Structures are given as C-alpha cells and as structure tokens.
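Shown next, in structure tokens, is the structure this report addresses.
Just so it is clear, the values below take in all heavy atoms, side chains as well, and ignore hydrogens, waters and symmetry mates. Worth saying up front: this structure is predicted, and the values here are computed from it rather than measured. Per chain, numbering begins at 1; letters A, B, ... match sequence-line order.
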Amino acid sequence: QVQLAQSGAEVKEPGASVKISCKASGFTLSSFHMQWVRQAPGQGLEWMGVVNPIGYNTSDGQKFQGRVTMTSDTSTNTVYIELRSLRSDDSAIYYCARAVPGSGGFDCWGRGTLVTVSS
Amino acid sequence: DIQMTQSPSTLSASVGDRVTITCRASQSISDWLAWYQQKPGKAPKLLIYRAYGLESGVPSRFSGGGSGTEFTLTISSLQPDDFATYYCQQFQTFPWTFGQGTKVEIK
C-alpha cells in the first residue's frame, strides 16, 4: 500500500529548529519528486520545496531565507525537512507529498505534522 | 515568482449545480497545472494533473481545462461530498506556487 508516514507533532520555542520526517512505504522514494507544503491555521497551502529523484533539492529561498534544508535517506526510504530559527508564523501543518516526475500533480500525501512555535 | 489567482474565493452552490472555478497564472505555464481538493483536517487530494488529466479514482463529474494562463476546474453536478476547498498548483517554474483556494459552500 502506497503511503507516507510523517513524524508526530512538535512544540518548539522561537529560535529553535525542527526536523520532520516522511517515511515512504509501497514505493521507492528515489523514483519520485517529494515536495513539502505547509498550511498555517485557517490559511491556504504554501509551497516550501522539492527533492527530485536524484536527491537534488530546490526550496523557496526568497521566502525561507536559507532556513530550510531538505534531505533524503534512501536506506530508510525517508525524506526530511529541517526548518531553523523558528518564528511564531512558522506554526503550521507540514505535509510531504510525492509525484511521478513529469506527471504534473502530487498524488500521495502524508497526513501532516503540526508544528507549534510558542514561548 | 508566478502568481496563481483563483476565483471566486468562495462559492455558494446547491447539490446538482454545475460549478466552475478559475485559476489564472501571472505568466504562461503551458499545461503544468494540478487541482486539489482539501477537506477540513485532511491532506489535499489530487483531482486533476497536467491541466486536464483525471486522477485515477476521481469521479468523472470533475474535469479540468485550459492552458497557458487560464484554467478551469468544473464539477458537472455538485454532490454533498464535494463541499470542500479547492487549490490549483503550477509546476512550470520554481517556486511551484499554489492559488489561494476556493471554498465551495452549501447554498
């Protein structure tokens, strides 16, 4: 069964870092684009970045100003996103999702990881 | 960045209505557009890929159209399960931006 299992909810203080995992089952990560998207409470979807099948990643550098690192571990079929220097407006649900390269749509999504940034 | 603008932001409709949502891109994106449905507390669900490709398992009452800068998502006969928020996403150029969403409400 194709699914993406994300790590659990996190509560962090401002200035801290958070690292979220997304473990794939039923398929091999290295054949897919893996994107990260977040959604603040009551808001729309915000694209954060993508890791391509050969591990090259692109993030929205202008929006996140170098605070984001995306990595993948082929041995565990898991992708990660780390967000540093957390601010209160980073509080959101973070989703991972997969797409077949060239398909033009992300067809499988994780359930999301809630990150709360609060002092 | 390519800006994606959806209209309307909110749509009130009745079961059985034909509903069309529009997504406009600030520059041409060819057919590199997807549509998603999201219900409260749930992850988005892919409906349409490459502007008009119907994702497997999605009811045929959903259809996508358009190319270049203007795209549509049409629901031919709105069903109770379709009340949700719909988003478009472009894949032409990084960052792969989303529209702001269209909430379909019960009239």
Go through [options] and name the one with the most non-hydrogen pairs under 4.5 angstrom from chain A.
options: B:Pro44, B:Gly53, B:Gly101, B:Ser56; value: B:Pro44
options: B:Trp35, B:Phe91, B:Phe98; value: B:Phe98
options: B:Tyr87, B:Tyr49, B:Trp32; value: B:Tyr87

Legend entry - In one Ile/Leu/Val/Met/Phe/Trp/Tyr side-chain cluster, 4.5 Å: B:Ile48, B:Tyr36: no

Quick check on [X] against chain A: is it the side chain, the backbone, both or neither that has a heavy atom closer than 4.5 Å?
X: B:Asp31; result: neither
X: B:Leu47; result: neither
X: B:Trp96; result: both
X: B:Gln90; result: neither

Does a sphere of radius 6.0 Å around [atom1] in [X] hold more than 12 heavy atoms from other residues, nucleotides or ligands, not counting ones at 6.0 Å or beyond?
X: B:Lys42; atom1: NZ; answer: no
X: B:Lys39; atom1: NZ; answer: yes
X: B:Tyr52; atom1: OH; answer: no

Inset, instruction - Start with the C-alpha gap between A:Trp47 and B:Thr97, add the side-chain angles, then the distance that decides, and say whether side-chain contact (heavy atoms from CB on, under 4.5 Å) holds. - result: CA-CA 6 Å; A:Trp47 189 80; B:Thr97 41; 5.8 Å; no

Inset, instruction - Determine which residues belonging to residues 101-113 of chain A lie within contact range of chain B, meaning some heavy atom pair is under 4.5 Å apart, and list them by number or answer 'none'. - result: A:Gly102, A:Ser103, A:Gly104, A:Gly105, A:Phe106, A:Asp107, A:Trp109, A:Gly110

Inset, instruction - Please list, in residue-number order, every residue in residues 37-45 of chain A that has a heavy atom less than 4.5 Å from any heavy atom of chain B; write 'none' if there are none. - result: A:Val37, A:Gln39, A:Gln43, A:Gly44, A:Leu45

Legend entry - From CD (A:Glu46) to CD (B:Gln100), nearest 0.5 Å: 14.0 Å

Under 3.5 Å, which donor-acceptor pairs link side chains of residues 9-21 of chain B to any protein atom two or more places apart or in another chain?
residue : atom : partner : partner atom : Å
B:Asp17 : OD2  : B:Ser14 : N            : 2.8
B:Thr20 : OG1  : B:Thr74 : OG1          : 3.3

Atom pairs and distances, donor-acceptor, side-chain atoms in residues 19-26 of chain A, under 3.5 Å, two or more places apart:
residue : atom : partner : partner atom : Å
A:Lys23 : NZ   : A:Thr76 : O            : 2.6

